[in-house]
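Note that the coordinates shown come from a computational prediction; the quantities given were computed from them, not determined experimentally. Order of the sequence lines sets the chain letters (A, B, ...), proteins ahead of strands, with each chain counted from 1.
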Amino acid sequence: MPELLANLNPEQYAAVTLPNEPALILAGAGSGKTRVLITRIAWLIQQGFASPPTVLAVTFTNKAAREMMSRLSALLPIDTRGMWIGTFHGLCNRMLRAHHRDAGLPATFQILDTADQLSSIKRLMKGLNVDDEKYPPKNLQYFINNAKEQGLRPDQVDASDSFNLKFVELYRAYEQQCQREGVVDFPELLLRCYELLAHNAPLRAHYQARFRQILVDEFQDTNKLQYAWLKLLAGQSNAIFAVGDDDQSIYAFRGANVGNMLDFEREFNVRNLIKLEQNYRSHGYILDTANALIAHNSRRLGKNLRTDAGHGEPVRVYEAATDMQEAGWIVEEIRALINNGGLARSEIAVLYRSNAQSRTIEHTLVNAGIAYRVYGGLRFFERQEVKHALAYLRLIDNPNDDTAFARVVNFPTRGIGARSIEQLADAARLYGCSMAAAIPYVTGKAGTSLGSFANLIAKIRAETERMSLPETVEYVVRVSGLSEFYQNEREGQDRLENLQELVNAATAFVSEEGYGLDTPARSIRLNPGATAAPELGSSADEGDTVVLEAASLTDPAQNPDTMTPLAGFLSHASLEAGENQAQAGQEAVQLMTVHAAKGLEFTAVFITGLEEGLFPHENSATEADGLEEERRLMYVAITRAKERLYLSFAQSRMLHGQTRYNVRSRFFDELPETTLKWLTPKVEAGSRWGGRSDNAGWGRDWFARPDRGGPAANFEAAPLPAFANEQRAADTGFRVGQQVFHTKFGEGAITALEGSGADARAQVRFKRHGEKWLALSVAKLQVVE
DNA sequence: TTACGGTCACTTTTT
DNA sequence: GTGACCGTAA
């Protein structure tokens, strides 16, 4: 272990070698958090304090889980397969598969992703004749997921008004529908697993006796339910080793509860709190900037990053007149970084608050001929052709899955229209069965075409009985008519390739999971040595005196094949949406939202669109902790940079088809002057239209659009030109943002001014004729009142 | 059944 | 500005 612990700093060393007690590691950005987590596991095992099967490590993303797995096996010569390392959802799925009967689920239960869940909800509401104007399906989805994440079943939800009562009623109906169909949504995976452990004392005792070491990554992102699940597993005697950073909590909007850190500290009486404050990523000025910014937040556990690296380059700040100009500047700087700085494209990232901002930058990069990659967007398993193929596969495994059924019953089209489907849905409701099972009850022409669909599925099911997973997928794609359909489709070539890629994915899955290449897709193979263990009766409730040998439980780790290859592959498809870009891995400039950048690092980082209303985002003003979360987001963005950091904003920006005039982000006022280098003159807040008052309701006056003709005062909202020469142009009586009229071009708004006297020019964006530069001494511009 | 056109919304997102 | 979704016309 000397070499294991070598090169750890004192805090890291202390964290890795902590006694077997609850511990909270406050790990700042770039402080070696993952390294500590992995080394901790390796050290525990090497010292004989733990064996692989007693280790449970939880992460939020599959990527993080994979990284942990691979770095661990590089560190440890021993077999890591006995460990449970995965996402909350992945681990819960694993447990539910093993104990599906105790959890009240069929062995072949399917997982609904967010889109599946929404269509399931829509189908439910349609069947119940619920007004989807009054009760938007999306809102119901949010309501249900939120309740589940609080650990609440319909009976437990507090509902006072009739509106919420309706939601509760629909929540109850949705649960029944899911149960009948044998499907679970994402939060259900967690809640079911939580309830399984909570209600089943012997099972709980079994897992508590097993997982003596529980390690949690990104603890600040856990929600209430996840924390409750962890507490159940920890019981009275197991240590939780939680690593997190309250300053990087940026997912409150999806239920993350930073409060879990304080609760954990209190409830587990944590005596081991270690702060990792040594940063190995960023140069001094960058870190100073980040520290100064985050110091403006009030509710913090308190932490200050330091570095041994020198100051490095100052943080460069640029004010542009328009978003186009901002993009132009970014591209020029990128060019310089590549050509003069010798940076690889992939070492450069352009970050923005919202996805809509990427378009202008992309456009400019294309024109400059610089390769780039945008993160986000459609992922592999979310593509419609892939989802269609998966739906056929799901129907083989579970004919009751109405979501899958409805998706492909008429795709490719086979004469089963909305009318027929409605008839079928009515029959299903009448007999309380799935749509597939209701087919015999539909008469007439509709019944005939539905019958042939039923025959198709039956045929696929029979023919694939002995086939391997890749063969099954290939067969389904062919016999379902999907491949033929896309062959004849004009733009179907890409989709066809994706279907082939799905077959490849199945092959890869089979080999990664260690199945034989010709293992039938629907066979359960028991491990040699593992007896077909009798499962725990579902009647074993808390308080039961049934004593079970631990070995008699179906433990997925002892018996990893409790999932058939097909069920495993379908889970995999739902739980891991896959990569999203064809250009993945290419040498390209990286474009992404700040959220997507969390956990990554780049030599040079551009943070763009630093304007009030955009970043911090206007919608965050209404949320309780909104501004603080925006500030944490900015903190995350800054700390992505290793050597070069650029901040930029634009006076005017095209957004949602309208030009809006923004003032620079308040975050600039929270950064130390000493670390910044303004490439454009910094215009003091006071010299603008009366400055900004932090008491003003932000999100209203500041986003007034002169071109929309708001109240007169809002005209003043247009910022004055930032450039010295433009200031002189302002003497001509024109200002950026002003509405003007031209005899030939009509109405427009001034977007920039430059020059003075006879050379003074104005850039005007005309409503009908686009943007033009006009010499003020020639053009007869009239100010519109 | 499909195709087109109008309407709407639009922060961040993993599982 | 743009994509998603829904309703109606062919």
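As a whole-Å value, the separation of A:L600 CG from B:dT13 P is 13 Å. Residue A:F411 contributes atom CZ, which lies 13 Å from atom C1' of B:dT1 at whole-angstrom precision. Across the protein-nucleic acid pair, A:L91 atom CG and B:dT14 atom P stand 19 Å apart, rounded to whole Å. Put simply, CG on A:L225 is 13 Å from C1' on B:dT15, counting in whole angstrom units. Separating the CZ atom of A:F485 from the C1' atom of B:dT1 is a distance of 12 Å, rounded to the nearest angstrom. The distance from atom CG of A:L96 to atom P of B:dT15 is 18 Å, rounded to the nearest whole Å. Atom-to-atom, CD of A:E149 to P of B:dT15 comes out at 14 Å; the value is rounded to the nearest Å. We find that CZ of A:R254 is positioned 5 Å from C1' of B:dT13, with the value rounded to whole Å.
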Under 3.5 Å, which N/O atoms of the protein pair with N/O atoms of nucleotides 8-11 of chain B?
| unit_1 | atom_1 | unit_2 | atom_2 | d |
| --- | --- | --- | --- | --- |
| B:dT11 | O4' | A:H617 | NE2 | 3.2 |
| B:dT11 | O2 | A:R353 | NH1 | 2.8 |
| B:dT11 | O2 | A:R353 | NH2 | 2.3 |
| B:dT11 | O4 | A:E623 | OE2 | 2.9 |

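For A:E576, the salt bridge (Lys or Arg N to Asp or Glu O under 4.0 Å) partners at least two apart in sequence or on another chain are A:R66. For A:R419, the side-chain contact (heavy atoms from CB on, under 4.5 Å) test picks out A:Q423, with sequence neighbours left out. Looking at residues two or more places apart in sequence or on another chain, you find no salt bridge (Lys or Arg N to Asp or Glu O under 4.0 Å) involving A:E382. Looking at residues two or more places apart in sequence or on another chain, you find a salt bridge (Lys or Arg N to Asp or Glu O under 4.0 Å) between A:E326 and A:R653. For the ring-ring contact (aromatic ring centres under 6.0 Å, His included) test, residues two or more places apart in sequence or in another chain that qualify with A:F60 are A:F88. A:Y352 meets the ring-ring contact (aromatic ring centres under 6.0 Å, His included) test with no other residue; sequence neighbours excluded. Evaluation of the salt bridge (Lys or Arg N to Asp or Glu O under 4.0 Å) rule for A:E422 yields no partner, not counting sequence neighbours. Partners of A:F253 by ring-ring contact (aromatic ring centres under 6.0 Å, His included), not counting sequence neighbours, listed by chain and number: A:Y251, A:H595.
Non-hydrogen atoms lying under 4.0 Å from DNA chain B are contributed by A:N62, all within residues 62-69 of chain A.
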Contacts table for residues 113-131 of chain A: side-chain donor-acceptor under 3.5 angstrom, sequence neighbours left out:
| unit_1 | atom_1 | unit_2 | atom_2 | d |
| --- | --- | --- | --- | --- |
| A:D113 | OD1 | A:A115 | N | 3.0 |
| A:D113 | OD1 | A:D116 | N | 2.8 |
| A:D113 | OD1 | A:K387 | NZ | 3.0 |
| A:D113 | OD2 | A:K387 | NZ | 2.6 |
| A:D116 | OD1 | A:K387 | NZ | 2.9 |
| A:D116 | OD2 | A:D113 | N | 3.3 |
| A:D116 | OD2 | A:K387 | NZ | 3.4 |
| A:D116 | OD2 | A:R394 | NH1 | 3.1 |
| A:Q117 | OE1 | A:Q141 | NE2 | 2.9 |
| A:Q117 | OE1 | A:N145 | ND2 | 3.2 |
| A:Q117 | NE2 | A:N145 | OD1 | 2.7 |
| A:Q117 | NE2 | A:Y174 | OH | 3.4 |
| A:Q117 | NE2 | A:D185 | OD2 | 3.1 |
| A:S119 | OG | A:D116 | O | 3.0 |
| A:S120 | OG | A:Q177 | NE2 | 2.9 |
| A:R123 | NH1 | A:E181 | OE2 | 3.0 |
| A:R123 | NH2 | A:T403 | OG1 | 2.8 |
| A:D131 | OD1 | A:E133 | N | 2.8 |

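Counting only heavy atoms from C-beta outward, the side chains of A:F485 and A:E385 never approach each other to under 4.5 Å.
Taking atom C1' in both C:dC5 and B:dT12, one finds a spacing of 23 Å when rounded to whole Å. Here, C:dA4 and B:dT13 have their P atoms 16 Å apart, quoted to the whole Å.
A:D247 pairs with exactly one of A:R632, A:Q220, A:R300, A:R631 by the side chain to side chain donor-acceptor pair (under 3.5 Å) rule, that one being A:R300.
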**OP:** Scan nucleotides 2-10 of chain C nucleotide by nucleotide, 5' to 3', and note B when protein non-hydrogen atoms come under 4.0 Å of the base, S if they reach only the sugar-phosphate, - if neither.
**Re:** S--------

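When each of A:R419 and A:T87 is assigned the nucleotide of DNA chain B with its nearest heavy atom, A:R419 is the one assigned upstream, toward the 5' end. Each of A:A596 and A:N410 was matched to the nucleotide of DNA chain B holding its nearest heavy atom; the match closer to the 5' end belongs to A:N410.
The residue A:I416 sits close only to the backbone: its heavy atoms come under 4.0 Å of sugar-phosphate atoms, none of a base. A:A577 comes within contact range of no nucleotide atom at all, as no heavy-atom separation falls under 4.0 Å. As judged by a 4.0 angstrom heavy-atom cut-off over every strand, A:Y251 is placed among residues touching the sugar-phosphate backbone only. Among the protein residues, A:T413 comes within range of the sugar-phosphate backbone only, with heavy atoms under 4.0 Å from sugar or phosphate atoms but none that close to a base.
The aromatic rings of A:H572 and A:F381 stand perpendicular to each other, their planes meeting at an angle above 60°, with 30° marking the opposite boundary.
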